[in-house]
There are 2 protein chains.
Amino acid sequence: MVEQRSLEVREQQLDAVFGALADPTRRAIVRRLASGDATVGELAEPFAMSFQAVSKHLRVLELAGLVERSRRAQQRPCKLRIEPLVAAGGWLGDYRELWESSFDRLDVHLTKKKGSAHA
Amino acid sequence: MVEQRSLEVREQQLDAVFGALADPTRRAIVRRLASGDATVGELAEPFAMSFQAVSKHLRVLELAGLVERSRRAQQRPCKLRIEPLVAAGGWLGDYRELWESSFDRLDVHLTKKKGSAHA
DNA sequence: TCGTTGCTCAACCATTAGGTTGAATAATAA
DNA sequence: TTATTATTCAACCTAATGGTTGAGCAACGA
């Protein structure tokens with residue numbers, strides 16, 4: 001159940017979540033974590049940047065509530081939390097009716113999306 | 001017709017759209033425009049900031065493809081374009097399956113989700 | 001104990017973002 | 001023409017962002 005939160009807090013969460021998703025590296029991290037937990041090192045490996053930079057991105061994701069970091073030995077396994085994604089999707093969903101009703105031709109896009117299920 | 005776009009361009013569009021939505025003023029503008037077109041002055045009126053600042057926000061929204069500005073007399077009526085919202089929603093939608101299956105374990109949420117399920 | 005691994009913290013740098021004010025522009029009204 | 005209205009442009013400021021490198025720290029393996 002989603003309990004009541006102040007509008008302000010919810011707005012701040014949306015700031016954080018949309019802001020976190022506004023970076024391609026962070027979206028790639030989210031994508032990666034969607035297929036399973038990973039350590040910072042594992043997450044950093046594919047990127048042409050220092051792991052410190054990736055660690056910073058993880059902190060942004062963590063502040064947005066999208067990532068949870070625990071401890072196991074020297075490692076900090078990261079786990080994706082989807083609730084903020086739901087919140088963001090919910091905000092966008094408020095406009096779904098608008099675009100579905102007044103822009104029927106956009107059904108084309110939705111259909112295309114189904115075909116190319118990867119971003 | 002919408003032709004094929006490179007992944008890179010799509011990534012940049014997502015950068016722009018999520019970035020545009022990461023600001024509460026801009027989300028409020030989107031919300032306002034969802035209920036109908038408006039001029040810059042009308043859009044600026046509710047905010048405690050200069051209309052130049054609002055004009056800047058509109059430019060960000062415009063660069064993200066979310067707003068289209070035309071001319072009518074001295075005014076620049078703004079119109080919401082929803083296609084980028086669809087793109088953002090589509091990206092989030094790629095994870096819907098993930099979060100639906102994870103809510104599955106709590107099966108309370110699954111029932112809620114199914115009510116609004118849509119491709 | 002000592003060295004290595006995995007990561008964070010701190011300082012720094014360049015760029016961008018969000019705001020301000022003041023001037024410029026373009027269309028309308030007088 | 002001149003004035004007014006609606007908006008943008010330009011310059012500026014401050015703070016935040018995204019990256020770097022180097023040091024520090026905690027946990028493990030030898």
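On a predicted model such as this, the values are computed, not experimentally measured, just so you know. Reminder, nothing fancy here: chain letters follow the sequence lines and each chain counts from 1. What you see below is based on every heavy atom in this structure, not just the backbone, and it leaves out hydrogens, waters and symmetry mates.
- Contacts of A:Thr39 with the nucleic acid, taken as non-hydrogen atoms under 4.0 Å apart, involve only primed sugar atoms and P, OP1 or OP2.
- The side-chain heavy atoms of A:Ile82 and B:Tyr95, taken from C-beta on, include no pair separated by under 4.5 Å.
- Residues of residues 47-63 of chain B having a heavy atom closer than 4.0 Å to DNA chain D, listed by number: B:Phe51, B:Gln52, B:Ser55, B:Lys56.
- The shortest distance between side-chain heavy atoms of A:Thr39 and A:Arg76 does not fall below 4.5 Å.
- Looking at B:Trp91 and A:Leu21, their side chains come closer than 4.5 Å, going by heavy atoms from C-beta outward.
- A:Val40 places none of its side-chain heavy atoms less than 4.5 Å from the side chain of A:Gln75.
- A heavy-atom distance below 4.5 Å is not found between the side chains of A:Val86 and B:Leu92.
- Contacts of residues 66-75 of chain A with DNA chain D (heavy atom under 4.0 Å): A:Arg71, A:Ala73, A:Gln74.
- A nucleotide of DNA chain D counts as in contact with chain B when one of its atoms lies under 4.0 Å from a heavy atom; the first and last such, 5' to 3', are D:dT5 to D:dA11.
- Annotation: the span from B:Cys78 atom SG to B:Arg32 atom CZ amounts to 10.0 Å, rounded to 0.5 Å.
- Where A:Arg26 and B:Gly41 each meet DNA chain D at their nearest nucleotide, the meeting point lying more 5' is that of B:Gly41.
- Rounded to the nearest 0.5 Å, atoms CG (A:Asp23) and NE2 (A:His57) are 4.5 Å apart.
- Between A:Glu62 and A:Lys79 there is no salt bridge, since no side-chain N of the basic residue sits under 4.0 Å from a carboxylate O of the acidic one.
- The shortest distance between side-chain heavy atoms of B:Arg81 and B:Val67 does not fall below 4.5 Å.
- Ion pairing between a basic and an acidic side chain is recognised when a charged N comes within 4.0 Å of a carboxylate O; A:Asp94 and B:Arg31 show no such pairing.
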